[in-house]
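Lettering follows sequence order; numbering is per chain, from 1.
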Amino acid sequence: MTLEQQITTLAKAAVKALYNVDAEDSQIQLQKTRPEFEGNITLVVFPFVKTARKAPQVVGDEIGNWLLGNGEGLIARFNAVQGFLNLVIDDAFWVKQLEAIDADDNYGRFQSPITHHQSPIGAQPLMMVEYSSPNTNKPLHLGHVRNNLLGYSIAQIQEANGWKVVKTNIVNDRGIHICKSMLAWLKFGNGETPETSGKKGDHLIGDYYVRFDKEYKAQITELTAQGMDEETAKREAPLMQEAQEMLRKWEAGDPEVRALWEKMNSWVYAGFDETYRRLGVSFDKIYYESNTYLEGKSEVEKGLASGQFYRREDGSVWADLTRDGLDEKLLLRSDGTSVYMTQDIGTAKLRFRDFPIDKMVYVVGNEQEYHFKVLSILLDRLGFPFGKELVHFSYGMVELPNGKMKSREGTVVDADDLMDKMVEDAKEISKDKVNTLQGITEDEANEIARKVGLGALKYFMLKVDPRKNMLFNPAESIDFNGNTGPFIQYTYARIRSVLRKAGEREEKDGEILETRGLDPKELALIQRLTEYPAAVRTAGEEFSPAVICNYAYALACDFNSFYHDLSILNEPDAHKRALRLLLASNVAKVLRSAFALLGIEMPERM
RNA sequence: GGUCCGGUAGCUCAGCUGGAUAGAGCAACAGCCUUCUAAGCUGUGGGUCUCGGGUUCGAAUCCCGACCGGAUCACCA
């Protein structure tokens with residue numbers, strides 16, 4: 001039972017005994033005691049002031065005294081200040097908490113989600129998390145990085161919350177945008193390959209996507225100069241015509257187009273795999289739109305047959321969503337080709353055929369909120385039970401100082417370049433630390449720089465509220481000081497160093513712990529450790545890695561303050577030394593666990 | 001125009017299910033390394049929580065209305 005639960009029970013008994021009030025849980029308002037007052041936990045007494053017909057100060061004192069007399073030693077002292085009852089919890093309680101944390105190898109992990117009704121009793125419910133979902137026409141950029149980091153972290157967090165999680169990726173490997181790259185490569189590529197150019201496959205393809213856009217724009221300019229209006233020019237430009245023709249050929253299974261498509265996609269996948277590996281993200285099941293779009297088409301046909309959708313005179317198929325307060329939505333183009341929505345319907349169907357999914361989560365940017373609103377309705381209308389329940393985990397955009405990134409205009413921060421830069425910076429900074437890193441090999445140094453550089457990047461992106469847009473300024477390097485990944489990694493490395501030294505000195509496990517006269521810094525640390533499971537729950541409910549970041553930062557701050565003020569190994573009192581060692585070791589354990597939820601690795605030294 | 005999201009220190013962000021004097025980091029300034037890793041610790045300065053109403057013992061937080069910024073409403077994805 002947590003401290004909050006115990007105090008809640010006691011507080012209810014107190015107001016019942018004192019004022020004959022049957023308090024609701026919601027009336028027992030507990031908060032952490034502010035540092036300027038003595039105490040660990042604070043009961044807000046305002047909710048009882050009215051019924052007690054006494055001044056807040058009096059009510060505070062009365063409840064405080066009752067708790068002191070009936071708390072079975074849990075409460076050591078109290079002070080009441082203007083309606084706030086600050087409770088000092090007995091040291092022995094905290095030491096017991098620490099021992100319990102130490103004994104729990106899965107501290108902060110839960111057996112099952114808080115509430116779940118669909119699954120049979122006892123079965124672990126399954127959550128599928130879709131993230132990444134790249135197009136195979138360009139390399140990954142900073143926006144994808146945010147998506148990948150969020151998706152991976154959300155999966156870890158939900159797993160810790162008791163879900164069985166299947167991480168999935170839908171690769172957008174077909175469509176007009178792919179044809180654009182292919183066409184540009186055919187026309188201007190001179191047979192260039194990753195091998196001949198030395199370029200990573202995804203970057204090579206991306207270059208041709210940009211090339212297409214450049215040539216296409218030139219054609220538009222030319223046509224409008226000849227007097228054509230811009231709309232028509234965009235439609236009639238030869239390159240666009242050819243790209244559309246290529247898409248039709250692709251859908252018709254034209255062997256040449258398919259062969260080219262497979263070759264170019266394989267280059268891209270090799271590139272993506274490398275980027276994913278470096279980012280540290282992975283998938284349990286990958287879907288390809290080239291395999292799911294036909295399924296989507298057939299679902300749309302079924303919907304057409306059952307009267308859910310309708311066909312216009314030009315042959316295009318639409319859904320009328322006006323009764324849901326939305327617009328009409330295109331599902332199949334007049335030439336019969338499918339659109340994004342069609343594919344998503346097919347993908348959803350296959351996924352639910354493949355897995356007993358209880359909850360489907362799409363990690364996709366907030367610019368697609370409308371799309372998922374529509375998808376949810378369409379799936380529901382087509383008779384899929386999961387339609388209504390789907391979760392669009394909608395995150396904010398990454399913006400540059402001068403606005404949004406635009407891949408076609410080349411104003412993107414490339415994922416590979418950014419990772420290179422971060423690791424380089426980490427390496428550079430670590431050069432000043434030769435004294436602490438002496439004696440390590442070049443490989444070890446590189447490995448530390450990799451972990452720290454990536455840690456800085458990941459923490460930077462995960463610490464902000466996922467729903468909000470965030471700013472990235474390429475001109476300013478990502479910090480390694482302050483509220484950053486490296487700060488927390490450093491805290492961990494410090495602890496590991498102390499623990500290594502303790503091992504060398506044969507500090508014994510099982511030494512009796514000091515249980516009285518805890519230093520405020522020790523106590524604050526233990527209390528912070530006890531808050532970890534709640535942070536994991538909140539992060540899960542809110543789909544927010546930022547909650548974990550904030551928690552880990554607070555824990556690291558508490559530890560550094562403790563570390564600065566109190567000596568661990570040089571403490572002469574063996575009982576105190578044992579307590580501090582145990583404390584340090586569990587701080588390291590929780591920091592490591594928290595960072596694992598973020599997908600950030602810990603260096604043993606740095 | 002409809003819908004959705006945001007507006008907190010010079011900058012980047014916490015806090016938002018109502019609670020005590022609104023917090024961090026960066027940047028600036030001043031201290032702390034013969035002692036467990038100074039990527040650290042301590043301190044100083046910095047605020048009309050966009051504005052105006054309302055709800056109440058109490059509002060950055062909830063409600064209403066403005067203003068500003070962003071997204072979206074495609075035979076794009």
*asked:* Please confirm whether the shortest side-chain N or O distance from Arg500(A) to OP1 or OP2 of rU37(B) is below 4.0 Å.
replied: no
Could you list the protein-to-nucleotides 16-22 of chain B atom pairs, N/O on both sides, closer than 3.5 Å?
residue	atom	partner	partner atom	Å
rG19(B)	N7	Gln29(A)	OE1	3.0
rA20(B)	OP2	Arg34(A)	NH2	3.2
rA20(B)	N6	Thr42(A)	OG1	3.2
rA20(B)	N6	Asn86(A)	OD1	3.0
rA20(B)	N1	Asn86(A)	OD1	3.3

*asked:* Under 3.5 Å for both donor-acceptor distances, Watson-Crick or wobble: does rC29(B) have a partner, and if so which one?
replied: rG43(B)
_I need the full list of side chain to side chain donor-acceptor pair (under 3.5 Å) pairs touching residues 540-555 of chain A, with sequence neighbours left out, sorted by first then second residue._
none
*Ring centroid separation for Phe372(A) and Tyr362(A), is it under 6.0 angstrom?*
yes
*Think Arg174(A) forms a cation-pi with Tyr293(A), using NZ or CZ under 6.0 Å from the six-ring centre and within 45 degrees of its axis?*
yes
_Is a donor from one side chain sitting under 3.5 angstrom from an acceptor on the other, for Arg34(A) and Asn86(A)?_
no
*d(CZ, Phe562(A); P, rC41(B)) in whole Å*: 14 Å
*asked:* Suppose we define a pair by two distances each less than 3.5 Å, Watson-Crick or G-U wobble; what does rG19(B) pair with here?
replied: rC57(B)
*Of all the nucleotides listed (rC36(B), rA77(B), rU37(B)), which has the minimum atom distance to the side chain of Arg494(A)?*
rU37(B)
*asked:* Starting the side chain at C-beta, find the nucleotide from rU72(B), rG40(B), rC4(B) nearest to Tyr370(A).
replied: rU72(B)
*According to the Watson-Crick and G-U wobble definitions, with both distances under 3.5 Å, which nucleotide is paired to rG1(B)?*
rC73(B)
*With distance as the sole test, does Asp573(A) use its side chain to make a donor-acceptor pair with the main-chain N or O of His575(A) at under 3.5 Å?*
yes
_Test your reading of the model: is there a side-chain donor-acceptor pair from Asn172(A) to the backbone of Thr136(A), 3.5 Å cut-off?_
no
*Identify, between Ala493(A) and Val464(A), the residue whose nearest nucleotide on RNA chain B lies closer to the 5' end.*
Val464(A)
*asked:* Taking 4.0 Å as the cut-off, does a side-chain nitrogen or oxygen of Ser561(A) come that near to OP1 or OP2 on rC41(B)?
replied: no
